[in-house]
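Single-structure report; data block below.
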Amino acid sequence: MKPWKDVTLTDDYLFSQIMKDEEFCKLFLEMLMGIKITKVIYLEAQKEVNLFPQTKGIRMDVYLEGDDEIYNIEMQTVHKTNLVKRMRYYHSAIDVDSLLRGNPYDQLKKSYVIFICNFDLCGDGLPVYESRTVWKQNGREIGDEQIKVVYNTSAFEKAEDPRLRALLQYLSTTTVTDEARPIADKVAAFKRLFPDGRPHMKYELDLYDKWCEGKAEGVKEGIEIGENRGLIKGREEGIQQGIQQGRQESMRDIVYAAFEQGLSAEVIASLTHMPVDEVEKLRETSRT
């Protein structure tokens, strides 16, 4: 787990939490897109959309509704091959979620799905890529008002707009220019609210617990399927032990990182739900 002092705006927890501040969110989006956000009707970080029990749910980093537009902003630091189709699914989920609130088709707002990447998704060395749906025969826009925008922070030097260039540079290198100063100052002020990084640690632990639960359920389901087919017999106990051992090793790494950040054994115990004496034992082993 990354120490709190090294956490930046590109980290999931910090980005989603600070973007809950409406003024910061407006400033960030205005610098990013070169537009003026006049009014925010609805703002939610880590918005979950679970349309139906049988469909895949999503969790959006930041969801923002203005008078005429919807913005979904995602911070992406891992280069995955399915990002474009993920953007497509996000658009669909946003539209269906809006219609479930009773809106007819013609009242669907223009929607932006925005991915901010620390890598070049499209491979042309550009800082910004924008996609709109067009008719194949004449190249004209269809007018469905679904817009995908991908930012490549590593190409910040090529951004023509000075405010965008400053923001992408800050995201890529943490360098603070005059234009990026308002963003950097707000980030620094937010981090000072939690000098020990306790909420960040709890967030990471919660994510890890969910990951472990999902992995255990998946392994169990796979074993049951295999046993039903006569392919796997008597391996569940060994695999569960392996999962438990892996969890213990990862928890040990988390405790070590917490001690490095200066948290007390009592605080770490409350966050990890471990007995204080076990935390103290890990403190001793971290010194050897």
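FYI, the numbering just counts along the sequence from 1.
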Quiz item: Do Tyr112 and Val134 belong to the same hydrophobic cluster, where Ile, Leu, Val, Met, Phe, Trp and Tyr are linked whenever their side-chain heavy atoms lie under 4.5 Å apart, directly or via other members?
Solution: no

Practice problem: For Asp120 and Gly123, work out which heavy atoms get closest and say how close. | Solution: OD1-N, 3.0 Å

Quiz item: Looking only at heavy atoms, what is the nearest atom pair of Lys109 and Gly66, with distance?
Solution: NZ-O, 2.7 Å

Quiz item: Do Ser16 and Gln46 have a side chain donor and acceptor closer than 3.5 Å?
Solution: yes

Quiz item: Is the shortest distance from a Lys or Arg side-chain nitrogen in Lys47 or Asp97 to a carboxylate oxygen in the other one below 4.0 Å?
Solution: yes

Quiz item: Ile35 and Met31: same hydrophobic cluster, using ILVMFWY side-chain contacts below 4.5 Å?
Solution: yes

Self-check item: By salt bridge (Lys or Arg N to Asp or Glu O under 4.0 Å) - contacts of Arg88 (at least two apart)
Solution: none

Exercise. Quick one: pull up CD1 in Ile147 and OG in Ser131 and give me the separation to the nearest 0.5 Å.
Key: 9.5 Å

Quiz item: What closest approach, in Å, do Thr173 and Phe156 show between heavy atoms, and which atom pair accounts for it?
Solution: CG2-CE2, 4.0 Å

Quiz prompt | Cluster check Phe194, Phe24: I/L/V/M/F/W/Y, side chain < 4.5 angstrom | solution = yes

Exercise. Please name all residues satisfying salt bridge (Lys or Arg N to Asp or Glu O under 4.0 Å) with Lys36, sequence neighbours left out, ordered by chain then number.
Key: Glu30

Quiz item: Of all heavy-atom pairs between Gly125 and Ala155, which one has the smallest distance, and what is that distance?
Solution: O-CB, 3.7 Å

Quiz prompt | Closest approach of Val7 to Lys191 (non-hydrogen atoms, all atoms of both residues) | solution = O-NZ, 2.7 Å

Quiz prompt | Heavy atoms of other groups near Glu157 CD, more than 12 under 6.0 Å | solution = no

Exercise. Please determine, by modelled atom types, if Glu65 and Tyr63 share a side-chain donor-acceptor pair under 3.5 angstrom.
Key: yes

Quiz item: To the nearest 0.5 Å, what is the distance between CD (Glu179) and CZ (Arg165)?
Solution: 7.5 Å

Self-check item: Residue list, side-chain hydrogen bond (donor to acceptor under 3.5 Å, both in side chains) with Tyr42, at least two apart or on another chain
Solution: Glu44

Quiz item: Transitively linked via ILVMFWY side-chain contacts under 4.5 Å: Leu193 with Phe15?
Solution: yes

Quiz item: Knowing that exactly one of Met87, Glu130, Glu74 qualifies, which makes a side-chain contact (heavy atoms from CB on, under 4.5 Å) with Val150?
Solution: Met87

Quiz item: Measuring from Thr133:OG1 to Glu141:CD, what's the distance to the nearest 0.5 Å?
Solution: 8.5 Å

Quiz prompt | Shortest non-hydrogen contact between Thr10 and Met75, atoms and distance | solution = O-CG, 3.3 Å

Quiz prompt | Distance-only side-chain donor-acceptor flag, Thr153 / Asn118, under 3.5 Å | solution = no

Practice problem: Check the surroundings of atom CG in Asp178: do more than 12 heavy atoms from other residues, nucleotides or ligands lie under 6.0 Å from it? | Solution: no

